[in-house]
Peer 1: 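Attaching a single structure in structure tokens format; questions to follow.
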Amino acid sequence: MKTLVLDSLSALQTGAELPADLDFANVTVEPPRDPLHGDMATNAAMVLARQAGMKPRDIAQALAGKLLDDPRIASADVAGPGFLNLRLASAVWLQTIPQAIKQGSAFGRSALGAGRRINVEYVSANPTGPLHVGHTRGAVFGDALASLLSFAGYDVTREYVINDGGSQIDTLARSVYLRYLEAHDRPVSFPDGVYPGDYLIPVGQALKERVGAAYLDQPEDVWLQDIRNFATDEMMALIRSDLALLGIEMDVFFSEKSLYGTGRIEACLEALDQKGLIYQGVLTPPKGKEPEGWEPREQTLFKSTEHGDDVDRPVKKSDGSWTYFAPDIAYHYDKVQRGFDELIDVFGADHGGYVKRMKAAVSALTDGKVPLDIKLCQLVRLFKNGEPFKMSKRAGTFVLLRDVVEQVGPDVTRFVMLTRKNDAPLDFDFAKALEQSRDNPVFYVQYAYARVHSVMAKAGNPADSELAAADTAHLQHPAELALVQKLAEWPRLVELAASHHEPHRIAFYLFDLASEFHSLQHLGKVEPEMRFITGDKALSTARLALIRAVAVVISAGLGILGVTPMKEMR
RNA sequence: GGCCCCGUAGCUCAGCUGGAUAGAGCAGCUGACUUCUAAUCAGCAGGUCGCAGGUUCGAAUCCUGCCGGGGUCACCA
């Protein structure tokens with residue numbers, strides 16, 4: 001469509017109706033906000049008016065004349081200050097119906113990604129316990145984003161980095177050791193600084209079965225390393241099973257520990273050093289709020305300010321050991337070396353302070369060639385019957401991912417988590433999630449899909465081949481054409497959502513599509529001649545083709561979100 | 001104090017990366033079921049897009065400065 005407009009503009013130039021040297025970069029061709037204005041609108045005349053030294057309306061008039069030569073353009077009207085409103089022949093819209101039916105689940109797939117390799121890292125929760133609701137949003141978001149990018153033509157890798165290198169794993173190991181003693185009927189107490197959760201009880205027992213009494217009354221250096229590995233494996237098994245409840249499967253689990261002792265962190269920092277970005281220095285304390293016990297320390301620093309960060313960041317502590325940042329740089333370096341063209345990290349909002357330095361690191365390592373996008377997911381606020389539901393580890397009101405999924409099911413969990421932009425907080429109300437009403441968008445969309453199937457069954461389940469061959473010219477009612485236009489938006493919407501890394505747009509689109517469908521279906525209740533199945537065989541087939549296409553798109557959209565379409569809801 | 005995110009209808013939120021009269025859903029009011037699922041639909045009402053400037057043909061959208069809410073801030077990972 002846009003190329004058609006641009007071609008017409010060039011034609012006007014060769015016809016000397018427009019000056020030759022014009023910049024078309026700002027010309028847009030988009031569906032107008034108000035459909036009454038037409039199907040497509042272009043701002044070409046207003047953008048070019050100044051450059052061309054002509055009145056906008058004159059340019060628009062000339063352009064309109066040119067465009068009308070094309071049979072696909074039904075009308076072209078100049079409006080307002082110089083908008084050119086285009087109305088497409090309805091046949092242009094209607095062809096999306098057979099297209100959608102023939103292409104099926106492939107309808108709307110895009111070549112946008114051009115097979116570029118993109119790595120989406122998400123969840124990456126510390127392997128110290130089961131996933132809780134806070135992790136759920138990032139998990140669902142990352143997974144839907146990965147599916148979306150894949151649908152848009154990217155070669156996607158889903159990745160989870162296991163933070164198994166840090167001191168929190170020591171804490172985990174000690175906690176498991178206490179459970180191990182407990183399994184041997186030794187008296188134990190759980191001081192501050194260990195993980196008291198019940199989920200470690202079976203791990204302690206499993207450890208007993210594996211090593212018997214070997215670690216009893218032994219000092220820490222005998223068992224710590226072994227239990228670290230054992231406990232981490234157990235926790236990852238737990239986390240994988242939690243993810244499986246949501247239908248999430250990772251392609252790669254990357255162990256942070258695997259970077260230690262292999263020279264890879266050193267090599268990565270060496271690469272930065274060669275760019276002159278590593279130095280010994282002393283950081284100034286944060287302004288305004290000096291932390292208690294601040295003292296200046298000489299550390300190894302990364303000059304992240306060269307790549308957009310606010311202050312330089314330490315990669316080594318004053319005692320010479322790595323900060324967390326160092327292996328994380330090395331980890332991202334590893335991703336780059338694995339050949340990814342683009343990287344995405346999905347973090348919780350509490351990691352907001354981390355994005356600049358991570359982007360700086362990737363920018364430095366790749367000379368800005370590999371883009372890193374970091375998506376922050378804001379908090380999830382839990383509600384029960386409208387009452388805020390506070391989560392607290394101490395009070396034991398710690399809501400697990402498992403609890404949520406078991407209560408409301410994976411489909412509802414996923415959809416609800418995606419009905420908000422990632423950077424806006426999300427309210428999750430258990431009562432509402434379970435409610436099967438229009439208040440709950442999941443059911444609204446599912447219901448539309450189920451209704452299509454119901455109608456199809458009533459019509460004797462006509463074959464796709466028959467529907468694809470339907471004479472769609474019978475569809476003339478405004479409500480029918482509105483629905484067709486909504487369907488035609490789908491491919492463009494996929495590209496927009498993918499390029500913005502915003503899967504929530506899919507959810508909102510599906511809601512709109514379902515709304516158009518429900519509206520049309522309802523017309524049949526008011527005006528019997530508008531029912532999908534009528535005495536007119538050709539008309540019925542055309543309408544069935546239309547709603548079949550609706551089902552195709554809903555199915556594809558829900559597929560991206562990871563939600564199962566339901567053929568029946570009773 | 002620095003940085004990041006948010007501020008749009010009574011409530012919860014969209015707004016297609018600058019377009020025309022800013023949109024949904026809930027809640028409120030009016031209506032629509034002997035029919036392919038009323039788990040639905042049609043309509044009414046509801047707005048200084050936090051405030052003030054700037055950029056231009058044109059701003060909820062971009063820039064600057066404020067105000068308000070949240071997050072975060074060296075040897076934690």
Peer 1: Between rC67(B) and rA52(B), how far apart are the two C1' atoms, rounded to whole Å?
Peer 2: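 Comparing C1' positions in rC67(B) and rA52(B) gives a spacing of 11 Å.
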
Peer 1: Over all strands shown, is His500(A) touching base, sugar-phosphate only, or nothing at heavy-atom distances under 4.0 angstrom?
Peer 2: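 Answer is base: heavy atoms of His500(A) come under 4.0 Å of a base.
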
Peer 1: Within the 4.0 Å heavy-atom criterion, would you say Gln521(A) contacts the bases, only the backbone, or no part of the nucleic acid?
Peer 2: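 Base contact.
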
Peer 1: I want to check one thing: is the phosphate of rA38(B), taken as OP1 and OP2, less than 4.0 Å away from some side-chain N or O of Lys525(A)?
Peer 2: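 So the side chain of Lys525(A) is within the cut-off, an N or O lying under 4.0 Å from OP1 or OP2 of rA38(B).
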
Peer 1: Give the stems involving RNA chain B, where a stem is 3 or more consecutive Watson-Crick or G-U wobble pairs (i with j, i+1 with j-1, and so on) under 3.5 Å.
Peer 2: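 Stem segments, range with range: B:1-7 with B:67-73, B:10-13 with B:23-26, B:28-32 with B:40-44, B:50-54 with B:62-66.
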
Peer 1: Looking at Tyr449(A), does the NZ or CZ of Lys567(A) lie under 6.0 angstrom from its six-membered ring centre and within 45 degrees of the ring axis?
Peer 2: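 Because its charged atom misses either the 6.0 Å distance or the 45° angle limit, Lys567(A) does not stack over Tyr449(A).
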
Peer 1: Looking only at the side chain of Leu283(A) (C-beta and beyond, no hydrogens), which of the listed nucleotides rA74(B), rA77(B), rA24(B) gets closest?
Peer 2: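 Within the option list, the nearest is rA74(B).
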
Peer 1: What's the closest nucleotide to the Asp427(A) side chain, out of rC13(B), rA77(B), rU40(B)?
Peer 2: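 Closest of the options to the side chain of Asp427(A): rC13(B).
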
Peer 1: To the side chain of Arg420(A), which of rC13(B), rU17(B), rC36(B) is closest?
Peer 2: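 Comparing rC13(B), rU17(B), rC36(B) against the side chain of Arg420(A), the answer is rC13(B).
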
Peer 1: Between rC3(B) and Lys359(A), is there an OP1 or OP2 to side-chain N/O distance shorter than 4.0 Å?
Peer 2: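 No, Lys359(A) has no side-chain N/O under 4.0 Å of OP1/OP2 on rC3(B).
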
Peer 1: Verify salt bridge (Lys or Arg N to Asp or Glu O under 4.0 Å) between Glu489(A) and Lys486(A), making sure each step is shown before the conclusion.
Peer 2: CA-CA 5 Å; Glu489(A) 276 178 37; Lys486(A) 201 76 203 169; 3.5 Å; yes

Peer 1: Cation over ring, Lys317(A) on Trp322(A), under 6.0 Å and within 45°?
Peer 2: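 Not satisfied by the 6.0 Å and 45° rule.
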
Peer 1: I want to check one thing: is the phosphate of rG15(B), taken as OP1 and OP2, less than 4.0 Å away from some side-chain N or O of Lys421(A)?
Peer 2: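 For Lys421(A), the contact criterion (side-chain N or O under 4.0 Å from OP1 or OP2 of rG15(B)) is met.
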
Peer 1: When you get a sec, tell me which of rA77(B), rC36(B), rA38(B) is the closest nucleotide to the side chain of Phe532(A)?
Peer 2: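 The closest nucleotide is rC36(B).
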
Peer 1: Considering the options Tyr331(A), Phe254(A), Phe253(A), which one meets the ring-ring contact (aromatic ring centres under 6.0 Å, His included) requirement together with Tyr160(A)?
Peer 2: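 Going through Tyr331(A), Phe254(A), Phe253(A) one by one, the ring-ring contact (aromatic ring centres under 6.0 Å, His included) with Tyr160(A) is satisfied by Phe253(A) alone.
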
Peer 1: Counting only side-chain N and O atoms of Tyr444(A), is one of them less than 4.0 Å from OP1 or OP2 of rC41(B)?
Peer 2: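 Yes, such a contact exists.
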
Peer 1: State whether Lys356(A) places a side-chain N or O below 4.0 Å from either non-bridging phosphate oxygen (OP1 or OP2) of rC4(B).
Peer 2: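 Answer yes for this pair, as a side-chain N or O of Lys356(A) is under 4.0 Å from OP1 or OP2.
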
Peer 1: Using a heavy-atom cut-off of 4.0 Å across all strands, would you classify Ala497(A) as base, sugar-phosphate, or nothing?
Peer 2: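 Since no nucleic acid heavy atom lies under 4.0 Å of Ala497(A), the category is nothing.
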
Peer 1: Which nucleotide in the set rC36(B), rC13(B), rA20(B) lies at the smallest distance from any side-chain heavy atom of Arg531(A)?
Peer 2: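 Of all the options, the side chain of Arg531(A) is nearest to rC36(B).
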
Peer 1: Ring centres of Phe141(A) and Tyr122(A) under 6.0 Å apart?
Peer 2: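 Distance test on ring centres: not under 6.0 Å, no.
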
Peer 1: State whether the distance check finds a donor on one side and an acceptor on the other, under 3.5 Å, for side chain Arg492(A) versus base rC16(B).
Peer 2: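 Under the 3.5 Å cut-off, the side chain and the base do form a donor-acceptor pair.
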
Peer 1: Are Phe511(A) and Tyr444(A) close enough that their ring centres sit under 6.0 Å apart?
Peer 2: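 Yes, close enough.
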
Peer 1: Check every atom of rC36(B), rG19(B), rA32(B) against the side chain of Met46(A) and return the nucleotide holding the closest atom.
Peer 2: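 Comparing rC36(B), rG19(B), rA32(B) against the side chain of Met46(A), the answer is rG19(B).
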
Peer 1: Is any side-chain nitrogen or oxygen of Ser519(A) closer than 4.0 Å to OP1 or OP2 of rA42(B)?
Peer 2: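 Indeed, a polar side-chain atom of Ser519(A) lies that close.
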
Peer 1: Between rC75(B) and Lys316(A), is there an OP1 or OP2 to side-chain N/O distance shorter than 4.0 Å?
Peer 2: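 No, no such contact exists.
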
Peer 1: With a 4.0 Å cut-off on heavy atoms, is Asn85(A) in touch with a base, just the backbone sugar-phosphate, or nothing at all?
Peer 2: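 Counting heavy atoms under 4.0 Å across all strands, the contact made by Asn85(A) includes a base.
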
Peer 1: Provide the distance between the two P atoms, one in rC44(B) and one in rA38(B), to the nearest whole Å.
Peer 2: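 Here rC44(B) and rA38(B) have their P atoms 24 Å from each other.
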
Peer 1: Would you measure the distance from the P atom in rG2(B) across to the matching atom in rA14(B) and give it in whole Å?
Peer 2: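 Straight-line distance between the two P atoms is 28 Å.
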
